[in-house]
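See below for the structure under consideration.
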2 protein chains.
Amino acid sequence: MADDLFKALADPTRRTILDELSEKSGQTLFEICSRLSMKHRLGISRQGVSQHLAVLEAAGLVQTRREGRYKFHDLNTAPLRRIAERWLVPDSSGPEENTS
Amino acid sequence: MADDLFKALADPTRRTILDELSEKSGQTLFEICSRLSMKHRLGISRQGVSQHLAVLEAAGLVQTRREGRYKFHDLNTAPLRRIAERWLVPDSSGPEENTS
DNA sequence: TTGATAGGCAAGCTTGTAGTTGCCTATGCT
DNA sequence: AGCATAGGCAACTACAAGCTTGCCTATCAA
């Protein structure tokens, strides 16, 4: 559950993909591929990117919609909000808060 | 930089350690060990926990202070705030350079 | 129908990393 | 001094994860 989310974020290439989708949503696999190689000089195969997208989708960070032969990818930031709340929120049951 | 942070959070045992330090700060290595095995039924060696703490410290999530033969561990949530902001905020300055 | 484009599946290689075991240092108590 | 406690270091094992290659399916245009 949370495991998928944190593992998805652990890879720098996946974080770059999130950056790209954050900048322009609704990109196809090939569009993401070319941007990674052009803008970020990332030498990675199409299948590599596809696998990263699968991981991001399993984590709920990316949602997809199919239209004809195109598959569009959209960023979903909802899961990210839960991350911060786990430790940042001064929990009622926990004794101390450490803001240092 | 950010790489250390995300990789530190990728492991479920390390996240549990953060939970423990969030509940009670200033714990020693042995204290964390016994809590992991008691409360969380985590069968892990002392050295295993020690290595996890080193990763968390490298990520800036845990700070340590030494007193005599004791080494106390404190949670530092500051790095967590930057995570959410990376994608949650539709940033005005435009997109990246890559911070990973 | 043929060819080109967009994407998927699965096996295999390789590196990274969690975990262990064994031994070593430092502090404190009696 | 002697012993127990708290922690550190290094080598080794085992499994997970990133990435590639090769082949397959689906959609659309000429």
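Below, chains carry the letters A, B, ... as their sequence lines are ordered, and counting in each starts from 1. This structure is a prediction, so every number in the text was calculated from the model and none was measured.
If you take CZ of A/R15 and P of D/dG18, they are 11 Å apart, rounded to a whole angstrom. A/L53 has its CG atom 13 Å from the P atom of C/dC9, to the nearest Å. If you take CG of A/L36 and P of D/dG18, they are 15 Å apart, rounded to a whole angstrom. Atom CD of A/Q51 is separated from atom C1' of D/dT21 by 11 Å (rounded to the nearest Å). Straight-line distance from the CG atom of B/D3 to the P atom of D/dA17: 16 Å, rounded to whole Å.
Remark: A/H52 is not in phosphate contact with D/dA17, judged by side-chain N or O atoms under 4.0 Å from OP1 or OP2. In this model, the phosphate group of D/dT20 is approached by a side-chain N or O of A/S45 to a distance below 4.0 Å at OP1 or OP2. In this structure, A/K71 does not reach the D/dT27 phosphate: none of its side-chain N or O atoms is under 4.0 Å from OP1 or OP2.
With rounding to the nearest 0.5 Å, the separation of CG in B/L18 from CG in B/L9 is 6.5 Å. Between the CD1 atom of B/I83 and the CZ atom of A/F6 there is a distance of 7.0 Å, given to the nearest 0.5 Å. One finds the CG atom of A/L53 at 4.5 Å from the CD1 atom of A/I32 (value rounded to the nearest 0.5 Å). Distance CZ/A/F72 to OG1/A/T64: 11.5 Å, rounded to 0.5 Å. Note: B/D74 CG to B/E57 CD = 10.5 Å, rounded to the nearest 0.5 Å.
By the 4.5 Å heavy-atom criterion applied to side chains, A/E20 and A/R35 are counted as neighbours. Counting heavy atoms from C-beta outward, A/Y70 and A/L29 have side chains that stay 4.5 Å or more apart.
A distance-only check finds a donor-acceptor pair linking the side chain of A/R14 to the backbone of A/K7 [under 3.5 Å].
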Show me the protein contacts with nucleotides 15-17 of chain C, counting only N or O atoms at under 3.5 Å.
residue: C/dT17; atom: OP1; partner: B/K7; partner atom: NZ; Å: 3.0

Where protein sits on nucleotides 22-30 of chain C, one letter per nucleotide: B base, S sugar-phosphate only, - none, heavy atoms under 4.0 Å: B----BS--
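Comparing A/I44 and B/E31 along DNA chain D, the residue whose closest nucleotide (by nearest heavy atom) sits nearer the 5' end is B/E31.
The side chain to side chain contact (heavy atoms under 4.5 Å, CB included) test with B/L75 singles out one residue from B/L56, B/L80, B/L21, B/I17, and that residue is B/L21.
The side chain of A/S50 sits closest to C/dG8 out of C/dG8, C/dT20, D/dC19.
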